[in-house]
Amino acid sequence: MASWSTLADKNIVDRRRVSRNAELAKAVRKTRDRLLEKAGQANYEYEILLMYARGLTAGAVSVGFLVLIVAFSGFLIGLGRQMTIWALLTIGCYGILALATRKFNQTPADQIDLEHWKNVFFAGHAITGIGWAYFATIHCGSCGIDFFPFAQALVLLVAMAATAIICSALRGATIAAFALPIVAYSLAARTELPPTFHGTMVVMLVAALVFFTYIATHFNRSARMTLAFQSEKDSLIAELETANAMSDEARRRAEEANLAKSRFLASMSHELRTPLNAILGFSEVMSKEILGGMGNDTYKDYARDIHTSGQHLLNLINEILDLSRVEAGRYTLNEEAVRLVDVVGESIHLMQIKLQKKNIRLTEHFEKDLPFLWADVRSVRQVVLNLLSNAVKFTPANGEIQVKVGWTAGGGQYISIRDNGPGIPQEEIPVVLSAFGQGSIAIKSAEQGTGLGLPIVQALMAMHNGEFRLYSKLREGTEGLAIFPPSRVMEAMPAIKPKSGPAKRRRAA
């Protein structure tokens with residue numbers, strides 16, 4: 001399997017996020033169930049009344065337009081006086097309801113008595129029913145229209161539908177407004193319609209009233225669920241904003257602390273290395289008995305142990321300081337023209353003693369005539385040494401390491417170092433690529449390590465705008481691949497041809 005990164009990881013991170021995704025899905029399902037459970041139970045009476053008042057205000061124009069159309073039609077068929085009285089009465093009744101609605105809108109929310117205002121609105125709709133009841137009692141004996149009661153029933157149906165839609169937020173508003181008109185119509189039309197038609201029309205109006213009341217109730221329930229969902233959404237948004245603000249603050253503090261740590265370590269180079277150099281120097285003098293015999297072999301072994309431990313501690317401090325300088329932004333690249341093959345060859349020469357000690361066979365595959373690379377030679381050498389050191393560490397005795405240098409498909413250059421060691425399990429690759437991270441095989445092995453080699457490689461490659469990839473498979477080996485971008489490959493410039501001077505004219509003899 002493979003993993004790569006262009007930035008140095010500072011923490012051990014499981015990049016698959018399987019468990020986190022499962023927890024997130026569980027939280028979403030739990031929240032959705034809570035919303036569905038609470039949507040029908042929440043009580044939003046004030047918001048419902050406010051929606052009712054807004055709907056009534058917005059629908060006042062349509063109701064007035066309906067009254068004017070019906071009144072104008074009555075004028076055309078000769079019912080001018082009755083229609084004038086009805087229009088004025090109906091508009092006056094709706095005006096009373098509009099004044100109550102206006103007063104409700106102007107009253108502060110904390111001073112509103114919900115039950116009182118519900119009764120006021122129901123009374124207002126009952127008053128508007130007086131106007132429609134008067135319309136239901138109008139007779140048209142002299143207009144010559146035999147089926148005028150059918151037209152009255154049709155107008156009442158349209159008015160009921162409009163009221164059910166506009167006032168759906170107030171349960172029972174349609175019944176309060178049209179119970180009286182239906183009764184008035186059933187009494188008035190009894191003398192004008194045959195008994196069969198009369199019964200049919202009354203049943204139709206009653207059924208329409210029940211149907212429109214059901215529709216209004218359904219709209220009311222939908223409005224309450226919408227308000228419940230909106231409230232829960234606002235609550236979740238507020239919680240998310242709070243959590244996000246806390247997360248941002250925690251991340252800012254962590255970044256400041258990490259930067260302060262990196263700056264501290266980057267500035268402590270001299271203070272840490274000076275006493276270690278003294279320990280290494282004096283312990284080496286004592287172990288080799290340069291100034292005279294110690295007289296005790298145990299003391300001599302102690303001096304060698306002190307020297308070995310000091311070297312290991314110095315290497316650890318050097319790696320920590322290198323990584324800290326990169327994180328603190330104090331690692332500067334001294335870029336120059338570098339031949340990648342030469343740097344890799346020098347690094348291999350430095351590792352010859354370790355290779356011979358474990359009898360490891362190293363094979364080189366270098367492409368010829370590679371152009372120069374614009375890079376920091378010290379950083380490139382450290383990248384190669386870190387990868388080689390890891391390969392030697394985990395390659396068994398009499399094993400093999402392959403080192404390749406060549407072109408990438410995109411026109412860049414790469415360094416590949418592959419061993420035939422035990423490999424790295426797939427789930428441990430992110431751990432190995434993190435700072436101080438070590439796999440289970442590295443922990444079990446006798447080789448000492450700090451877990452900073454690969455993070456340093458990642459950081460140095462990122463500073464070169466390149467990337468580092470790690471390929472590994474259990475019981476087959478591991479390959480580290482450092483890739484430099486094409487922008488750092490230096491192209492050979494064509495030779496400059498000397499310009500030929502102008503030909504001299506021959507003088508005529």
Side-chain angles (χ1 to χ4, degrees), residues 2-10 265 311-327 331 333-334 338 340-355 357-358 360 362 364 373 375-395 399 401-405 413-419 421 423-424 428-439 441-443 445 447-472 477-484:
S3 178
W4 57 84
S5 173
T6 57
L7 295 175
D9 293 336
K10 302 180 181 63
L265 291 176
Q311 283 183 329
H312 175 67
L313 184 57
L314 182 60
N315 293 332
L316 173 61
I317 290 175
N318 288 336
E319 291 181 346
I320 292 176
L321 291 175
D322 289 338
L323 188 60
S324 299
R325 280 200 301 269
V326 174
E327 294 178 359
Y331 194 100
L333 298 178
N334 298 319
V338 177
L340 204 56
V341 174
D342 296 339
V343 178
V344 174
E346 294 173 2
S347 302
I348 293 175
H349 180 71
L350 294 175
M351 298 294 295
Q352 283 297 328
I353 297 178
K354 291 186 177 181
L355 292 170
K357 185 177 180 180
K358 297 183 68 173
I360 295 175
L362 189 142
E364 302 176 359
L373 197 71
D376 179 15
V377 61
R378 181 171 59 92
S379 300
V380 176
R381 185 181 295 110
Q382 187 169 3
V383 167
V384 179
L385 287 174
N386 285 2
L387 295 179
L388 276 175
S389 177
N390 275 0
V392 172
K393 183 187 303 182
F394 295 106
T395 300
I401 296 176
Q402 296 180 0
V403 181
K404 298 180 181 179
V405 180
Q413 296 183 13
Y414 74 91
I415 304 171
S416 171
I417 298 178
R418 180 184 181 89
D419 62 67
I424 304 172
E428 293 183 2
I429 289 180
V431 178
V432 172
L433 292 175
S434 63
F436 298 101
Q438 291 183 331
I441 298 176
I443 295 174
S445 67
E447 295 281 352
Q448 292 181 338
T450 61
L452 293 175
L454 295 183
I456 291 176
V457 171
Q458 292 184 100
L460 295 178
M461 292 305 301
M463 294 183 69
H464 284 83
N465 306 115
E467 60 178 320
F468 173 69
R469 301 181 184 180
L470 188 64
Y471 299 86
S472 186
T478 304
E479 179 183 10
L481 189 62
I483 302 175
F484 294 90

Output the distance between atom [atom1] ([X]) and atom [atom2] ([Y]), rounded to the nearest 0.5 Å.
| X | Y | atom1 | atom2 | value |
| --- | --- | --- | --- | --- |
| Leu355 | Lys357 | CG | NZ | 12.0 Å |
| Ser389 | Lys354 | OG | NZ | 4.5 Å |
| Ile417 | Lys404 | CD1 | NZ | 12.5 Å |
| Leu470 | Ile429 | CG | CD1 | 5.5 Å |
| Gln413 | Leu340 | CD | CG | 5.5 Å |
| Ile401 | Thr478 | CD1 | OG1 | 11.0 Å |

Counting only N and O atoms by type, is there a donor-acceptor contact under 3.5 Å from the side chain of Lys358 to the main-chain atoms of Val392? yes

For Glu364, which residues count as a side-chain contact (heavy atoms from CB on, under 4.5 Å) partner, sequence neighbours excluded? Ile348, Leu362, Phe366

What are the two closest heavy atoms between [X] and [Y], and how far apart are they?
| X | Y | result |
| --- | --- | --- |
| His464 | Asp376 | NE2-N, 3.2 Å |
| Ala391 | Asp419 | CA-OD2, 3.8 Å |
| Arg381 | Ser347 | CG-OG, 3.6 Å |
| Val338 | Ala375 | CG2-O, 3.5 Å |

In this structure, which one of Ile415, Leu387, Leu460 forms a side chain to side chain contact (heavy atoms under 4.5 Å, CB included) with Phe468? Leu387

Tell me which one of Asn386, Leu385, Asn390 satisfies side chain to side chain contact (heavy atoms under 4.5 Å, CB included) with Val457. Asn386

Who pairs with Ser416 by side-chain hydrogen bond (donor to acceptor under 3.5 Å, both in side chains), at least two apart in sequence or on another chain? Glu479

Evaluate the side-chain contact (heavy atoms from CB on, under 4.5 Å) criterion for residues Val403 and Val384: first the C-alpha distance (whole Å), next the side-chain angles of each, then the deciding distance (0.1 Å), finally the verdict. CA-CA 10 Å; Val403 181; Val384 179; over 6 Å; no

